[in-house]
Undergrad: 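Here it is, the structure, as structure tokens.
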Amino acid sequence: MTTNTIERRHDIVQATVDAGRVEVPDLAERYGVSTVTIRGDLNYLHQKGLLVRTRGGAVASSRVSQELSVREKVTEHLDIKRRIAAAAAREIHEQDTIILDSGTTTAEIASQLHHFRRLVVMTNGLNVAQKLADAEGVEVLMTGGTLRKKSLSFYGRAAEDALQCYHFDKVFLGVDGIDFQGGITTHFEYEANLNRLMCKVARKVIAVTDSSKFKRSGVHKICDFSDIDILITDSGIPDAFHEALSEAGVKVVIVD
């Protein structure tokens, strides 16, 4: 298997989460690199808190969330996601131009938008676009790009180029993890790149997540707390995170 350093380290974290433990010789053989290189990778990932270094290998860190497929995510915390989506929809007004990131929570937001008469929605989520297919007052734009089937999301240069041509009022951002060291994170490098661009081309950044994502970390950073304007979550948010977000100037909206 031939990979660059970033792809290899991402894959190592995922392999560690899946297996629980990995060994240096096995990883060296898998990626066709030296054991010295693998030890360097494991030390780097240990320092980032993405795995725990052990003699001869590494074990999974409890801080790293495992990426689920869209099918697996659909029913996870569904009631909470719907309440978060309803609160998010209240941040949207007629004639707004918005971005809905891919994901199951943002798909629930899409389900809340059918009553709008004039709304423009850009999305990189195939499932999000499907939710809006029969919303007559919503103009739907797709980023295009390469489809990542696990998340039903588009990514890549074509998706990034599409976003460069627009400016939006708001972006609604789904996340895989939120922690003090990593900030707002996701699992997939190219999705993180696209998410950062979404934040850049939108006037207001709104993160939507259930409280299970706190104290968890994806592999790739999207942004810091201070880069978001509003965070919508449920009452399970830890007090320390609520305080840190408020101190960073983020408006925290908690659904009952």
Side-chain angles (χ1 to χ4, degrees), residues 1-15 30-33 41 44-45 48 50 65 67-71 73 96-107 109-110 119-133 138-178 182-209 217-224 227-229:
M1 176 184 291
T2 301
T3 59
N4 62 37
T5 300
I6 293 174
E7 291 172 337
R8 184 177 65 248
R9 289 175 175 173
H10 172 269
D11 196 62
I12 288 171
V13 173
Q14 290 299 123
R30 176 175 179 174
Y31 298 108
V33 297
D41 290 338
Y44 172 85
L45 295 169
K48 294 293 184 180
L50 299 174
S65 60
E67 183 179 25
L68 303 177
S69 68
V70 166
R71 181 175 295 179
K73 287 180 178 179
D96 271 353
T97 57
I98 69 171
I99 304 172
L100 290 181
D101 183 22
S102 62
T104 52
T105 303
T106 48
I109 296 174
L119 192 67
V120 175
V121 178
M122 168 76 86
T123 185
N124 67 317
L126 184 59
N127 59 328
V128 175
Q130 288 173 331
K131 294 279 188 179
L132 294 169
V138 181
E139 181 180 352
V140 182
L141 308 175
M142 292 288 301
T143 62
T146 303
L147 178 64
R148 186 174 186 236
K149 295 180 181 179
K150 184 169 188 175
S151 59
L152 295 182
S153 61
F154 289 92
Y155 69 93
R157 182 62 180 272
E160 294 170 16
D161 286 348
L163 279 176
Q164 298 276 13
C165 301
Y166 296 92
H167 182 74
F168 297 88
D169 294 310
K170 297 152 191 166
V171 56
F172 292 83
L173 196 66
V175 303
D176 290 323
I178 305 176
I184 311 298
T185 60
T186 190
H187 284 288
F188 188 52
E189 176 192 1
Y190 298 109
E191 195 164 278
N193 294 342
L194 188 61
N195 288 159
R196 284 193 292 270
L197 184 56
M198 288 176 176
C199 294
K200 183 178 179 181
V201 300
R203 184 172 54 85
K204 183 177 289 187
V205 178
I206 303 172
V208 291
T209 180
S217 179
V219 183
H220 300 285
K221 182 174 182 175
I222 298 172
C223 63
D224 293 314
D227 295 320
I228 62 177
D229 298 287

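None of the values given here were measured: they were computed from a predicted structure.
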Undergrad: Which value, rounded to the nearest 0.5 Å, describes the distance between Asp101 atom CG and Ile222 atom CD1?
TA: 7.0 Å
Undergrad: Parallel, tilted or perpendicular, judged at 30° and 60°: which one describes the rings of Tyr155 and Phe188?
TA: perpendicular
Undergrad: Under 4.5 Å between any side-chain heavy atoms of Thr209 and Ile184, yes or no?
TA: no
Undergrad: Find out whether Leu141 and Glu139 are in side-chain contact, i.e. whether some heavy atom of one side chain is under 4.5 Å from a heavy atom of the other.
TA: yes
Undergrad: Measure across Val121 and Val138 and return the closest heavy-atom pair with its distance rounded to 0.1 Å.
TA: CG2-CG1, 3.5 Å
Undergrad: Look only at the side chain of Thr185 and the backbone of Gly177, and say whether a donor-acceptor pair between them is shorter than 3.5 Å.
TA: yes
Undergrad: Is there side-chain contact between Asn195 and Met198, with at least one heavy-atom pair below 4.5 Å?
TA: yes
Undergrad: Which pair of non-hydrogen atoms, one from Glu191 and one from Ser151, has the smallest distance, and what is that distance?
TA: OE1-OG, 3.8 Å
Undergrad: Extract all donor-acceptor atom pairs below 3.5 Å that involve side chains of residues 166-175 and protein atoms in other chains or at least two apart in sequence.
TA:
{"unit_1": "His167", "atom_1": "ND1", "unit_2": "Val201", "atom_2": "O", "d": "3.1"}
{"unit_1": "Asp169", "atom_1": "OD2", "unit_2": "Thr97", "atom_2": "N", "d": "2.8"}
{"unit_1": "Asp169", "atom_1": "OD2", "unit_2": "Thr97", "atom_2": "OG1", "d": "3.2"}
{"unit_1": "Lys170", "atom_1": "NZ", "unit_2": "Glu91", "atom_2": "O", "d": "2.6"}
{"unit_1": "Lys170", "atom_1": "NZ", "unit_2": "His93", "atom_2": "ND1", "d": "3.3"}
{"unit_1": "Lys170", "atom_1": "NZ", "unit_2": "Asp96", "atom_2": "OD2", "d": "2.6"}

Undergrad: Mind checking the CG-CD spacing from Leu152 to Gln130? Nearest 0.5 Å is all I need.
TA: 7.5 Å
Undergrad: Taking all non-hydrogen atoms of both residues, which atom of Phe154 and which atom of Leu126 are closest, and how far apart?
TA: CE1-CB, 4.2 Å
Undergrad: Considering non-hydrogen atoms only, spot the tightest contact between Asp229 and Lys204 and give its length.
TA: OD2-CA, 3.3 Å
Undergrad: Determine the interplanar angle of the His220 and His10 rings, folded into 0 to 90°, and report it as parallel if under 30°, tilted if 30 to 60°, perpendicular if over 60°.
TA: parallel
Undergrad: Answer yes or no: is there a side-chain heavy-atom contact under 4.5 Å between Val205 and Asp227?
TA: no
Undergrad: Which value, rounded to the nearest 0.5 Å, describes the distance between Leu197 atom CG and Gln164 atom CD?
TA: 4.5 Å
Undergrad: Grab the two heavy atoms, one from Gly144 and one from Ala159, that are nearest each other, plus how far apart they are.
TA: O-CB, 3.3 Å
Undergrad: Please check if the side chain of Thr123 supplies one atom and the backbone of Ala129 the other of a donor-acceptor pair under 3.5 Å.
TA: no
Undergrad: Can you tell me how far the CZ atom of Arg157 sits from the OG1 atom of Thr146, to the nearest 0.5 Å?
TA: 12.5 Å
Undergrad: Looking at Ala192 and Thr186, what are the two nearest heavy atoms and their distance?
TA: CB-CG2, 3.7 Å
Undergrad: For the atom pair CG (Leu100) and CG (Asn127), what is the distance rounded to the nearest 0.5 Å?
TA: 10.5 Å
Undergrad: Is the backbone N or O of Ser102 less than 3.5 Å from a side-chain atom of Asn124, with the two atoms forming a donor-acceptor pair by type?
TA: yes
Undergrad: Please determine, by modelled atom types, if Tyr31 and Asp41 share a side-chain donor-acceptor pair under 3.5 angstrom.
TA: no
